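Only one structure is covered here, and it is reproduced in the block below.
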Amino acid sequence: MLRKFYASSLALMVVTGLAAQPALAETPDQVLASIRGEAEKATPGFQGFSAARGEKFFKATHGNELSCTSCHTENPAAQGKHAKTGKAVQPLAPSASAERFSDPAKVEKWFKRNCNDVLGRVCTAQEKGDVLAYLLTIQK
Amino acid sequence: MLNYQNFPHVLAVAVLAMGVAMSAAQADENRGGKYGGEDRGKPLQPAQANARWQEECSGCHIAYAPGLLPAESWRRAMDGLGKHFGTDASLTAGENKEITDFLVNNASNRWRAPTAPLRITESGWFKRKHDSREVPPDVWKNPLVKSPANCQACHTQAERGDFSERNIKLPK
C-alpha cells in the first residue's frame with residue numbers, strides 16, 4: 001500500500017517536473033512548418049509562402065505609426081531598438097540570433113502584439129509565413 | 001528557545017514596539033503621509049524576484065520594481081496590457097495572473113493616498129525626488145536619458161530595484 005503510494009507520488013513528481021519545463025525548443029523550419037499547416041487550413045487554394053512578399057510586407061508601412069522596421073530596422077540581421085523605450089532589440093533573423101523562432105509560444109505572442117501595433121489586427125498565417133520565409137533567406 | 005518565564009516581558013516589549021510603529025504610521029496618516037501619501041515602498045523589490053515578471057516586463061523596458069507603485073496601479077496596468085502606453089503588450093491569462101500577483105503582493109507598502117497612477121513618473125515621490133532641486137533640468141535633455149521612464153540612464157542598478165544615491169551616475 002505504502003509502496004504503491006510512493007510509486008504514484010514518484011510518477012506524479014516526474015510528470016510535474018516535465019510539465020514545469022519550458023516549451024520544447026524547435027527550429028525555425030519547424031515553426032514555419034506549423035504556420036504552413038495553419039495557412040493550409042485557413043487559405044483556400046494556398047499557394048505556399050513567398051520570401052519576396054514577406055520582404056515587401058516587412059518593409060512597408062501599414063497605415064499606422066509603427067511598422068516592422070520601426071524597431072527591427074530595414075536589416076533583420078542588425079540589432080534594432082524599441083521605438084518607444086529605446087531598449088536594444090536583438091536581430092530578428094535566425095542567422096543572426098540563434099534563439100529567434102525557436103519557441104512557438106513566444107513567436108505567437110510577438111506576432112499577435114506586433115501585428116496589432118503595425119496593422120491594427122492580427123496577421124494571417126499567410127502573412128506570418130511570408131515574413132518568416134523572408135527572414136530565413138537573410139544571411140548574417 | 002522561548003523562555004516561558006520571560007514570555008510576559010517579551011510580549012510587553014512586542015506590544016510596546018507595535019504601539020510605537022502604529023503611532024508613527026498614524027502620524028504619517030494624519031499628515032496624509034509622505035509625498036502627499038504617494039510614497040514608494042520599502043523594500044522596492046523583494047529579494048526573490050519572480051522570473052516571469054523579470055522576463056516579460058524586461059522585453060521592452062526594465063522590469064520596474066513593484067514597490068514603485070501601489071497595488072491598484074499594478075492591477076490597472078496589468079488589466080490594460082492590450083494597449084500598454086500605446087502598444088500591445090498582452091500576455092496569456094496564466095502569465096498575466098502570475099505577474100499581477102507578484103506585483104500586487106510586493107507593491108508599495110507606504111502609499112496612503114487613494115490614487116493609482118499608471119505612470120511611475122506621475123507619483124508624488126517621483127516628482128519630488130526628481131524636481132529641479134534634485135536633478136538639473138539639462139539632464140532630461142540628454143539624448144542618453146531620452147525619457148524619465150529610462151531609470152537606468154542614471155540609476156545604474158535600477159534593474160535590480162536599487163535606486164540608492166551611491167549608484168546614481170549622470171550620463172555625460
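Everything quoted here is computed from the prediction, not taken from an experiment. Letters A, B, ... mirror the listed sequences (proteins, then strands); counts begin at 1.
- Neither the backbone nor the side chain of Ala88(A) comes within less than 4.5 Å of any heavy atom of chain B.
- Atom-to-atom distance recorded for Ser50(A):OG and Phe57(A):CZ is 12.5 Å, nearest 0.5 angstrom.
- At a threshold of 4.0 Å, the pair Arg53(A)-Glu127(A) does not count as salt-bridged, since none of the basic side-chain nitrogens sits closer than that to a carboxylate oxygen.
- Taking the side chain as every heavy atom from C-beta outward, Phe58(A) and Asp130(A) never approach each other to under 4.5 Å.
- Salt bridge annotation for Arg36(A)-Glu40(A): absent, with no cationic side-chain nitrogen under 4.0 angstrom from a carboxylate oxygen.
- At distances below 3.5 Å, at least one donor-acceptor pair connects side-chain atoms of Gln126(A) with backbone N or O atoms of Gly48(A).
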Donor-acceptor pairs, chain A vs chain B, cutoff 3.5 Å:
unit_1	atom_1	unit_2	atom_2	d
Thr85(A)	OG1	Cys60(B)	O	2.6
Lys87(A)	NZ	Ser58(B)	O	3.2
Lys109(A)	NZ	Glu56(B)	OE1	3.2
Lys109(A)	NZ	Glu56(B)	OE2	2.6
Lys109(A)	NZ	Glu95(B)	OE1	3.2
Lys109(A)	NZ	Glu95(B)	OE2	3.0
Lys112(A)	NZ	Ser90(B)	OG	2.8
Arg113(A)	NE	Ser90(B)	O	3.0
Arg113(A)	NH2	Ala89(B)	O	3.4
Arg113(A)	NH2	Ser90(B)	O	3.0
Asn116(A)	ND2	Asp88(B)	OD2	2.7
Asp117(A)	OD1	Asp88(B)	N	2.8
Asp117(A)	OD2	Asp88(B)	N	3.3

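- In this structure, Lys56(A) places its NZ atom where only 12 or fewer heavy-atom neighbours from other residues, nucleotides or ligands lie under 6.0 Å away.
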